[in-house]
Number of protein chains: 2
Amino acid sequence: MADIKAPTHLLFLREEELRQGIELLYFAYRDFTAEPDQMLARYGFGRAHHRVIYFVGRHPGMTVSELLGILRITKQSLSRVLGQLVEEGFIVQQPGARDRRQRLLTLTEKGTQLERQLSQNQRDRIARAYRRAGADAVEGFRRVMLGIVNEADQKRFDRSREPTP
Amino acid sequence: MADIKAPTHLLFLREEELRQGIELLYFAYRDFTAEPDQMLARYGFGRAHHRVIYFVGRHPGMTVSELLGILRITKQSLSRVLGQLVEEGFIVQQPGARDRRQRLLTLTEKGTQLERQLSQNQRDRIARAYRRAGADAVEGFRRVMLGIVNEADQKRFDRSREPTP
DNA sequence: GAGATCCATCAACATGGCTGACATAAAGGC
DNA sequence: GCCTTTATGTCAGCCATGTTGATGGATCTC
């Protein structure tokens with residue numbers, strides 16, 4: 001019978017390749033968040049605040065449920081962080097027009113400024129990586145990253161201009 | 001004078017492109033860690049334990065300093081997690097031969113089993129994404145991700161077989 | 001009018017970061 | 001052979017951010 005398994009050295013290469021993929025995700029994410037974390041510390045904020053500010057900035061008028069769906073944390077965890085951001089004037093909540101149970105979330109001017117400061121750092125890092133890698137590489141990056149994201153959230157990344165809430 | 005700025009719609013596209021990059025990193029990392037986190041919970045472990053197990057498995061006989069350098073946390077934080085893993089028989093420490101101050105870290109059989117179980121999930125996810133995206137895309141992915149990683153750690157990803165400790 | 005939904009809040013707990021201080025053993029320079 | 005530096009561990013306490021569980025009000029939907 002023919003041996004179905006690939007030669008050992010090919011398996012080895014594949015394992016090495018996949019482990020490098022794991023590590024690329026780990027190191028890239030570590031370095032991607034380190035500098036914003038430092039900026040946030042100056043405001044007494046953490047990474048959780050950053051995520052809230054980022055996504056509210058990205059989807060102005062979004063509901064609490066939508067935000068919970070993105071962050072995948074409990075409402076109690078969110079409420080602490082969100083409460084602080086409202087308290088300190090980075091975010092405002094206004095009742096929904098159609099559904100008045102909702103509290104639609106929007107960045108204030110102050111919130112917008114912080115959001116831009118934080119995301120500027122990350123956009124710079126990504127822009128630099130894109131520039132060095134070239135357009136074809138960027139397309140490959142998108143395709144692979146999209147494949148890593150769970151199916152349910154892949155639709156957030158279609159080519160349309162508007163971010164899907 | 002000529003207007004140096006690019007047309008608004010090009011700037012807009014670029015901003016959108018970069019924000020999608022930010023979000024790809026966020027969503028990919030979120031989904032990449034979710035399932036291992038669940039497995040770890042069954043052992044009473046967290047993501048911190050995973051990182052230790054992963055890198056010790058990757059670099060058998062590594063020192064505590066090397067691990068600290070990768071994780072970028074304090075020795076006090078590491079010691080709690082590492083202590084548990086040694087206590088519960090997932091990792092062994094042995095004095096270094098050249099430098100007997102060092103405690104070289106190695107996975108036990110039990111540790112190796114857990115490591116494979118955890119990383120298998122992540123390797124599967126990456127393999128699936130690689131397969132769907134194709135070889136050229138994978139190369140682009142590598143190039144972009146490498147550009148996001150801080151210069152100091154890029155050398156961990158040479159094409160050589162051996163992971164650099 | 002009843003039930004479901006959206007959101008907030010209180011309380012208690014666990015994980016995993018952090019700082020600061022101190023200790024020990026071994027290595028290395030002079 | 002001292003002396004300094006290095007590698008590591010440990011104790012104590014603080015903070016950020018996740019969790020579960022219970023409870024309640026306002027509002028929408030049928």
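Residue numbers begin at 1 in each chain, while the letters A, B, ... track the order of the sequences.
Taking atom CG of A:Leu40 as the reference point, atom P of D:dA16 lies 12 Å away to the nearest angstrom. When the P atom of D:dG25 is taken as reference, atom CZ of A:Arg100 falls 18 Å away, rounded to whole Å. Remark: P of C:dA8 and CG of A:Leu68 are 9 Å apart, rounded to the nearest angstrom. As rounded to whole Å, 15 Å separates atom P of D:dA16 from atom CZ of A:Arg51. When rounded to the nearest whole Å, the span between CD of A:Gln76 and P of C:dT9 equals 12 Å. Between B:Arg42 atom CZ and C:dT15 atom P there is a gap of 17 Å when expressed in whole angstrom units. Rounded to an integer number of Å, the gap from B:Leu67 CG to D:dA7 C1' is 14 Å. Rounded to a whole Å, the CG atom of A:Leu105 is 11 Å from the C1' atom of C:dC7.
In terms of phosphate contacts, A:Thr74 brings a side-chain nitrogen or oxygen within less than 4.0 Å of OP1 or OP2 of D:dT19. B:Ser77 has no side-chain polar atom (N or O) that falls below the 4.0 Å cut-off from OP1 or OP2 of C:dG16. Listed pair A:His49 / D:dT17 meets the phosphate criterion, a side-chain N or O lying under 4.0 Å from OP1 or OP2. Proximity of A:Ser65 to the phosphate of C:dC6: no side-chain N or O atom is located under 4.0 Å from OP1 or OP2.
Heavy-atom distances to DNA chain D give each of A:Ile73 and A:Ala97 a nearest nucleotide, and the one nearer the 5′ end belongs to A:Ile73. Position along DNA chain D of the nearest nucleotide to A:Arg98 versus A:Arg72 favours A:Arg72 as the more 5'-ward residue.
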Test ring-ring contact (aromatic ring centres under 6.0 Å, His included) applied to A:Tyr26 and B:Phe55, step by step: CA-CA 11 Å; A:Tyr26 169 72; B:Phe55 284 109; 5.2 Å; yes
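Within a 6.0 Å sphere centred on CG of A:Asp136, heavy atoms belonging to other residues, nucleotides or ligands number 12 at most. In the displayed structure, A:Asn150 atom CG is contacted under 6.0 Å by more than 12 heavy atoms of other residues, nucleotides or ligands.
Distances from the side chain of A:Gln102 to the nucleotides D:dT10, C:dC6, D:dA22 place C:dC6 closest. Residue A:Asp99 has its side chain nearest to D:dT27 when only D:dT27, C:dA8, D:dG9 are considered.
Ring pair B:Tyr29/B:Phe32 is tilted by interplanar angle, where 30° to 60° counts as tilted.
Interface remark: the B:Arg101 side chain does form a donor-acceptor pair with the D:dT6 base, using a distance-only criterion of under 3.5 Å. Side-chain atoms of A:Arg47 and base atoms of C:dG17 include no donor and acceptor less than 3.5 Å apart.
Heavy atoms of A:Gln93 sit under 4.0 angstrom from primed sugar atoms or phosphate atoms, though from no base atom.
Residues A:Glu15 and B:Arg116 are paired through a salt bridge, judged by an N-O separation under 4.0 Å between the basic side chain and the carboxylate.
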